[in-house]
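Below, chains carry the letters A, B, ... as their sequence lines are ordered, and counting in each starts from 1.
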2 protein chains.
Amino acid sequence: MRPREFDHDEVLRIAFDQFWRNGVRGTSLSDIARDAGVQRGSLYNAFGSKEALFLQAYERYAGDYLLALQRALGTGSLRKRLTAFFDLTITNFRAGTPPRGCPTTRGLMELGAAEGEGLDEEARQAFAGLISRITALVQDNLAAGAARGEFDGNAAAAALHIITVTRGLAVLERAFGDEPQLRKIAAHTIDLVLGRKGGSA
Amino acid sequence: MRPREFDHDEVLRIAFDQFWRNGVRGTSLSDIARDAGVQRGSLYNAFGSKEALFLQAYERYAGDYLLALQRALGTGSLRKRLTAFFDLTITNFRAGTPPRGCPTTRGLMELGAAEGEGLDEEARQAFAGLISRITALVQDNLAAGAARGEFDGNAAAAALHIITVTRGLAVLERAFGDEPQLRKIAAHTIDLVLGRKGGSA
DNA sequence: GCATGTTCTTGACACGATGTCAAATACCTT
DNA sequence: AAGGTATTTGACATCGTGTCAAGAACATGC
């Protein structure tokens, strides 16, 4: 066995950064190869194809992101936790720097739309999987926090509504880039779920 | 002047259908040219570039779509109007047939993410423009209908919330394709805005 | 009716990107 | 030290975008 001459994980990070910045379409394997100091052929050997590379890079990000969300939802009052949660879905890690759009949402919408076409379907499941896990996370928090508000008692419906709003925010960010506006919508949604003064649990 | 040998508008329709089915990335000008019975070069001559063609095809669709929404919001009680509105954003014209994702949302998320890069920026404005117009439409309806519910009095905030949810639904459709679930979320959102029994206006 | 000009069409071309392959290479194992 | 195995490397095929010049078709003016 000849050992690899590059760091598998570092290439994934570099690749994901490129994909995130310029889109899957706008990123060529030559770009990534140059940035990573690796031959293009080696990327094909190690990852299979451009889409496969993107998927692996995405899964790496998804793991980190889910972890960050879990931590955001880990402490403080329910209202504080949800606020931190929305914050993270709005900033997507990179507070301050110009917005790049939610990778999950972008990935989902970039799919070919063809009827169950091989790798596209695999990608869809990856994106949908993260969303499912996040939904479950929020639902658990709401149930444990005994949220009142408009969805009184129905943590599942409340969580689904919250997730729907976060996905919508990801889209509106791309359309208008107006972060303060997004935060307003988020705050209002929290009010709906918790009741205007609830969430001390 | 030599006259064109093809129907400008029909080509736009064919192109949009292709783009919608297979994504911008998954559609080549050769595909469109074949389907439309036109030489590829003629497309470049008439529309400029692939992205320009997509944009023109999209604007054509956007006009039709906005009109349909206006009609949906034109009759019946406020609750009926909003129900019809959500229905149209969920089905996107093609009731029955397998979902293809909201063209506006897909287009928005497919953008390059680069900092204001020429045509991408123009595209963003096209997508954002439709969303703005739809938001205004909903807001007018809510204001005229004197919606109560959670957003009592604040038609702007209510409209923004509704739009956010519709964008979120477009994303969830791609993730799960579960139309009944989407309708539930929509119904719940209407309840939030109108109050559980309001909307007879 | 015919020449002229303007636009559309057509085919060839350049370029870049994806993906494949075989030969060369470097290391691990025995 | 030798052999095997996986990686690297460069060449190649293919496809898609976009450009260009030459040819073709029609409207207009004489």
Summary of protein contacts for nucleotides 20-30 of chain D, nucleotide by nucleotide, where a base hit scores B, a sugar-phosphate-only hit scores S (4.0 Å, heavy atoms): ---BBBBS---

Touch class at under 4.0 angstrom, heavy-atom based, for B:F6 against every strand present: sugar-phosphate

Residues in side-chain hydrogen bond (donor to acceptor under 3.5 Å, both in side chains) contact with B:D140, at least two apart in sequence or another chain: none

Pairs satisfying side-chain hydrogen bond (donor to acceptor under 3.5 Å, both in side chains), at least one member in residues 154-172 of chain A, at least two apart: A:T105-A:R167, A:H161-B:H161

Those residues that, when tested against B:Q56, pass side-chain hydrogen bond (donor to acceptor under 3.5 Å, both in side chains) (two or more places apart): none

All salt bridge (charged side-chain N to carboxylate O under 4.0 Å, His left out) counterparts of B:D178, not counting sequence neighbours: none

Under the side-chain hydrogen bond (donor to acceptor under 3.5 Å, both in side chains) test, residues paired with A:Q125 that sit two or more places apart: A:E121

Partners meeting side-chain hydrogen bond (donor to acceptor under 3.5 Å, both in side chains) with B:S28 (sequence neighbours left out): B:D31

Segment of DNA chain C, first to last nucleotide, that comes within the 4.0 Å heavy-atom reach of chain B: C:dG5 to C:dG11

For atom CD of A:Q39 and atom P of D:dT9, their distance in whole Å: 5 Å

Nearest non-hydrogen partners of A:L73 and A:N141, listed with the distance: O-OD1, 3.2 Å

Donor-acceptor pairs under 3.5 angstrom involving side-chain atoms of residues 3-17 of chain A: please list them, not counting sequence neighbours.
residue : atom : partner : partner atom : Å
A:E5    : OE2  : A:R2    : NH2          : 2.9
A:D7    : OD1  : A:D9    : N            : 2.9
A:D7    : OD1  : A:E10   : N            : 3.2
A:D9    : OD2  : A:R60   : NE           : 3.0
A:D9    : OD2  : A:R60   : NH2          : 3.3
A:D17   : OD1  : A:R100  : NH1          : 3.3
A:D17   : OD2  : A:R21   : NE           : 3.1
A:D17   : OD2  : A:R21   : NH2          : 3.2

Anything under 3.5 Å between a donor and an acceptor, one on a side chain of residues 38-47 of chain B, the other on a protein residue two or more places apart or in another chain? List them.
none

Just the table, please: protein N/O against nucleotides 11-18 of chain D N/O, every pair under 3.5 Å.
residue : atom : partner : partner atom : Å
D:dT17  : OP1  : B:L29   : N            : 3.3
D:dT17  : OP1  : B:K50   : NZ           : 3.1
D:dT17  : OP2  : B:L29   : N            : 3.0
D:dG18  : OP2  : B:Y44   : OH           : 3.3
D:dG18  : OP2  : B:K50   : N            : 3.0
D:dG18  : N7   : B:R40   : NH1          : 3.1
D:dG18  : O6   : B:R40   : NH2          : 2.8

Residues that A:Y58 engages under ring pair (Phe, Tyr, Trp, His ring centres under 6.0 Å), provided they are two or more places apart: A:Y61, A:F127

